[in-house]
Number of protein chains: 2
Amino acid sequence: MSPRPDVSAERKAQILDAALRVFARKGFHKARMDDIAQEAGLSKGLLYWYFRSKDALIEALLTVLFEPDLRDLERLLADTARPIPERLRELARNALSTLLPYRDLMPIVYEFYALATRPGPVQKAIQAYYRRYRQLLAQLLRQGIQRGELRADLDPELTALGILAQFEGLALLWIIGPEELDIEHQWEAIAEHTLRTLLPPTAP
Amino acid sequence: MSPRPDVSAERKAQILDAALRVFARKGFHKARMDDIAQEAGLSKGLLYWYFRSKDALIEALLTVLFEPDLRDLERLLADTARPIPERLRELARNALSTLLPYRDLMPIVYEFYALATRPGPVQKAIQAYYRRYRQLLAQLLRQGIQRGELRADLDPELTALGILAQFEGLALLWIIGPEELDIEHQWEAIAEHTLRTLLPPTAP
DNA sequence: ACATATCCTGACCGTTTGGTCAGGTTTCCT
DNA sequence: AGGAAACCTGACCAAACGGTCAGGATATGT
């Protein structure tokens, strides 16, 4: 059939990988297509063989950056054998340990947020991400309430929103001023404090 | 002395105001200096009479956007007559009612956050803003603890961080997907829930 | 009236950069 | 061997845009 072996999957990955590094280093605007081509060890023309435009390349990165988190949460939700508080703790730990090694990439995330501020494909994608994240987290909480492992008077949706907001807020504060807070310690402390407010009241 | 009346203050304000609107509409990158000049009803050359460069103009907006919040909090901290929980409630209400009418301007804030992701004057300024905000809020909490109006076992710095993070996170989620959440109701509910965790335990 | 500092204009320029394209090269199939 | 589809290159282009500047205009003090 094809007169040449299909390398498009590898090439796309190679380009996305290079783009990720270059965008992280210089930002969407200051990064030139030539930079990405050089970083990937390819010619600029080839970038346009695989991606319609710079914007298309940027949008393709959305999936790369945001999908993994959802996968993590889905896995956690399906792991019904373990108690909910334990799984919530792991969620917090996961979020933190995703943050730390990917610190260099975080600037890209915030450029996406800035884009998501206005209507467009990026906004749509990130809205969908948050919607799904809140759904999954609320479902996890609902599971905990039904099992009696969390307070019965909890509003799952509202609580999920609160937790997500706190994650996002802390990440933002840390990225902007890493030396202003001891992220590992304070993340853990805040998560633990929040978790305590979710547990059913116990007679002292 | 001066052969002409000094209009520099008004002109600067006029330019900053126009810049704010244009940047909010189009973003830092897509907004052209010509757009701003037109919006202000001035010539492009004049922009460069009052501001060294486009970047300088952008940086000047930092103060315009972030100072008012600090003023609010300072005022609240100085208002020592009123009980702390009441003042915290007002803080939450203020934050919300700043958000709503300024929704159109919020995109700028997130562009600043994206910039603050990398070292530079914007990062410095926003770091300073957050540092100050956390200090003031922690001080307010400390006041409440000393007065016995808040739990004695509270860590003021950590709690301040948690509250600020939740504010920021909620604002982010709302800006990106306004139709995904009922900000007024959920903000209020989350703030009230958080506040309850700060109050001293009362015998039921 | 005149000098002068400040304020203001808009045509112009140099550079930057996303995107294109004509022209390869490689591998497989017949 | 030869054709064809896929893959790849890098010089080139046109538009956009930040910034400049020569040349005014205007109000004030003398």
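Computed from a prediction, not measured in an experiment: that's the story for all the values here. Numbered from 1 within each chain, the chains take letters A, B, ... in sequence-line order.
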A.B. asks: Looking at Glu188(A) and Arg93(A), is there a salt bridge between them, counting it only when a charged N and a carboxylate O are closer than 4.0 Å?
C.D. replies: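 Answer for the salt bridge query: no.
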A.B. asks: Rounded to the nearest Å, what distance is computed from the CZ atom of residue Phe51(B) to the P atom of nucleotide dT20(D)?
C.D. replies: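 Atom-to-atom, Phe51(B) to dT20(D), this comes out as 16 Å.
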A.B. asks: Testing Leu42(B), Asp17(B), Val22(B) one by one against Ile36(B) for a side-chain contact (heavy atoms from CB on, under 4.5 Å), which residue passes?
C.D. replies: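 Exactly one pass, corresponding to Val22(B).
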A.B. asks: What is the distance from CZ of Arg11(A) to C1' of dT25(C), rounded to the nearest Å?
C.D. replies: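 In whole Å, dT25(C) C1' and Arg11(A) CZ are 14 Å from each other.
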A.B. asks: Taking atom P of dT28(D) as reference, at what distance in whole Å does atom CG of Asp6(B) sit?
C.D. replies: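 Atom-to-atom, Asp6(B) to dT28(D), this comes out as 12 Å.
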A.B. asks: Looking at residues 15-25 of chain A, who's got a heavy atom less than 4.0 Å off DNA chain D?
C.D. replies: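 By residue number: none to list.
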A.B. asks: Inspect the contact between Asp79(A) and Arg87(A) and indicate whether a charged nitrogen and a carboxylate oxygen are less than 4.0 angstrom apart.
C.D. replies: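 Answer for the salt bridge query: no.
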A.B. asks: Tell me the interatomic distance from Gln38(B), atom CD, to dT9(C), atom P, rounded to whole angstroms.
C.D. replies: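 After rounding, the reported distance stands at 13 Å.
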A.B. asks: Looking at Gln127(A) and Ile176(B), what are the two nearest heavy atoms and their distance?
C.D. replies: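 Closest heavy-atom pair between Gln127(A) and Ile176(B): NE2-O, 2.8 Å.
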A.B. asks: Specify the separation, in whole Å, of atom CH2 of Trp49(A) and atom P of dG10(D).
C.D. replies: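 From Trp49(A) CH2 to dG10(D) P: 17 Å.
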A.B. asks: Apply side-chain hydrogen bond (donor to acceptor under 3.5 Å, both in side chains) to Asp34(A) and list each qualifying residue two or more places apart in sequence or on a separate chain.
C.D. replies: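 Not a single residue meets the side-chain hydrogen bond (donor to acceptor under 3.5 Å, both in side chains) criterion with Asp34(A).
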A.B. asks: What's the closest nucleotide to the side chain of Tyr50(B) if the choices are dT27(C), dC8(D), dC7(C)?
C.D. replies: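 Taking heavy atoms from C-beta onward, the closest nucleotide is dC7(C).
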A.B. asks: Name the one of Phe28(B), Tyr130(B), Tyr129(B) that satisfies ring-ring contact (aromatic ring centres under 6.0 Å, His included) with Phe112(B)?
C.D. replies: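 When Phe28(B), Tyr130(B), Tyr129(B) are each tested with Phe112(B), the ring-ring contact (aromatic ring centres under 6.0 Å, His included) holds only for Phe28(B).
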A.B. asks: Roughly how many Å is it from NZ in Lys12(B) to P in dT6(C), rounded to a whole number?
C.D. replies: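 Atom NZ in Lys12(B) sits about 13 Å away from atom P in dT6(C).
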A.B. asks: Dump the pairs, protein N or O against N or O of nucleotides 17-24 of chain C, anything under 3.5 Å, distances to one decimal.
C.D. replies:
from    : atom 1 : to       : atom 2 : distance (Å)
dG18(C) : OP1    : Lys54(A) : NZ     : 3.1
dG18(C) : OP2    : Met33(A) : N      : 2.9
dG18(C) : N7     : Lys44(A) : NZ     : 3.2
dG19(C) : OP2    : Tyr48(A) : OH     : 3.2
dG19(C) : OP2    : Lys54(A) : N      : 2.8
dG19(C) : N7     : Lys44(A) : NZ     : 3.0
dG19(C) : O6     : Lys44(A) : NZ     : 2.5

A.B. asks: Checking Ser8(B) against Asp6(B): is there a side-chain donor and acceptor pair closer than 3.5 Å?
C.D. replies: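 Side chains of Asp6(B) and Ser8(B): pair found under 3.5 Å.
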A.B. asks: Can you tell me how far apart CG (Leu46(A)) and NZ (Lys44(A)) are? Round to the nearest 0.5 Å.
C.D. replies: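 Here the interatomic distance stands at 13.0 Å.
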A.B. asks: Could you work out which one of dT27(C), dT6(C), dT9(C) sits closest to the side chain of Pro5(A)?
C.D. replies: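 Closest nucleotide to the Pro5(A) side chain: dT27(C).
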A.B. asks: Looking only at the side chains, is there a donor atom on one of Glu149(B) and Gln143(B) sitting less than 3.5 Å from an acceptor on the other?
C.D. replies: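 No pair is found: no donor N or O on one side chain lies under 3.5 Å from an acceptor on the other.
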